[in-house]
Amino acid sequence: MSNMQEKHIANTEKAARFLSVLPHCKLLGMTIEFVDDQILVMRLPYSPSIVGNPLTGTVHGGSLTTLMDTACGTCVFISLPGHELCPTLDLRVDYMKAATPGLDLFAVAKVTRISSSVVFTRCDVIQGKTYAEAVSNAESEGSGDLVATCAAAFMRIGQTMGKVKAGDAK
């Protein structure tokens, strides 16, 4: 197995472990669909629990925001060495159109810059019955199947947060 394959497996496992400890992700059924060095794809299955308008079946904007924030945060988590937690500092969302009822949502997140104190990300949400269908729809329609997009920043608090340094304990 090559180093690249090993890193891919390690990043996929790291992302899945991170997602598994977030109660809201379990409740909503979020899953990791794809991970590589630059992109993370997360699925939010369509269900009654994410619907904002029961008469139309339209997905609630909060569900979309949760998906994007979680996808970007998970992408940050796997992009940094070790297990550095980085809380959301800023999240700017543009809703492009109402999500089509009955179709799963796929967040495609990537880290755009890592600085010493902040990690910057971008995320697009597309729809389909499968990720392949969602990508195909988005490519064939240009940005027509783009449901939402966001730019998010995450504050690096470091791995030593909460650890007592020698000489600090009294």
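All values reported here derive from a predicted model rather than from experimental measurement.
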**Item:** Contacts of type ring pair (Phe, Tyr, Trp, His ring centres under 6.0 Å), residue Phe154, not counting sequence neighbours
**Value:** none
**Message:** Given 3.5 Å as the limit, does a donor-acceptor pair link the side chain of Thr112 with the main chain of Phe120, or not?
**Reply:** yes
**Prompt:** Any idea which heavy atoms bring Phe18 and Val21 closest together, and the distance?
**Reply:** O-CG2, 3.1 Å
**Complete:** Exactly one of Thr100, Leu103, Asp104 clears side-chain contact (heavy atoms from CB on, under 4.5 Å) with Tyr46, and that residue is Asp104
**Message:** With heavy-atom distances below 4.5 Å as the criterion, would you say the side chains of Phe106 and Leu67 are in contact?
**Reply:** no
**Check against side-chain contact (heavy atoms from CB on, under 4.5 Å), Cys25 and Thr70** = CA-CA 8 Å; Cys25 295; Thr70 305; 3.5 Å; yes
**Prompt:** So, does Arg156 use its side chain to make a donor-acceptor pair with the main chain of Val119 at under 3.5 Å?
**Reply:** no
**Asked** Given side chains that start at C-beta, do those of Leu27 and Ser49 come closer than 4.5 Å, heavy atoms only?
**Response** no
**Complete:** Interatomic distance, SG@Cys150 vs CZ@Arg122, rounded to 0.5 Å, equals 7.5 Å
**Closest contact, heavy atoms only, Met42 versus Leu19** = CE-CD1, 3.6 Å
**Message:** Can you give me the closest heavy-atom contact between Ser63 and Leu44, atom names plus distance?
**Reply:** O-CD2, 3.8 Å
**Message:** We want to know whether Thr65 and Tyr95 form a side-chain donor-acceptor pair, criterion being a heavy-atom distance below 3.5 angstrom.
**Reply:** yes
**Hydrophobic cluster membership, Tyr131 vs Leu146, 4.5 Å side-chain cutoff** = yes
**Message:** When you compare the side chain of Thr56 with that of Pro101, does any pair of heavy atoms fall below 4.5 Å?
**Reply:** no
**Item:** Interatomic spacing from CZ in Arg113 to OG1 in Thr121 - rounded to 0.5 Å
**Value:** 13.5 Å
**Straight-line distance of Ser20 OG to Met30 CE, nearest 0.5 Å** = 13.5 Å
**Prompt:** Nearest 0.5 Å, what's the CG-OG1 distance between Asn11 and Thr74?
**Reply:** 12.0 Å
**Request:** Could you go through the side-chain contact (heavy atoms from CB on, under 4.5 Å) check for Gln127 and Leu105 one step at a time?
**Result:** CA-CA 5 Å; Gln127 282 191 283; Leu105 297 153; 3.4 Å; yes
**Prompt:** Is the backbone of Cys123 close enough, under 3.5 Å, to the side chain of Thr149 for a donor and an acceptor to pair up by distance?
**Reply:** yes
**Asked** Linking I/L/V/M/F/W/Y whenever any side-chain heavy atoms sit under 4.5 Å apart, do Ile114 and Phe77 land together?
**Response** no
**Common cluster, Leu80/Leu85, ILVMFWY with side-chain heavy-atom separation under 4.5 Å** = no
**Message:** Would a single hydrophobic cluster contain both Leu91 and Val125, if residues Ile, Leu, Val, Met, Phe, Trp and Tyr are joined by side-chain heavy-atom contacts under 4.5 Å?
**Reply:** yes
**Complete:** dist Lys110:NZ -> Asp124:CG (nearest 0.5 Å) comes out at 8.5 Å
**Request:** Determine, stepwise, if the pair Val35 / Lys14 fulfils side-chain contact (heavy atoms from CB on, under 4.5 Å).
**Result:** CA-CA 10 Å; Val35 178; Lys14 188 176 179 181; over 6 Å; no
**Request:** Check Leu40 against Ala71 and note the closest heavy-atom contact, atom names and distance.
**Result:** CD2-O, 3.6 Å
**Message:** Nearest 0.5 Å, please: how far is CZ in Arg17 from OG1 in Thr12?
**Reply:** 10.5 Å
**Asked** Are Ile32 and Val111 linked, directly or through other ILVMFWY residues, by side chains that come within less than 4.5 angstrom of each other?
**Response** no
**Message:** Taking the side chain as everything from C-beta on, heavy atoms only, tell me whether Leu64 gets closer than 4.5 Å to Val93.
**Reply:** no
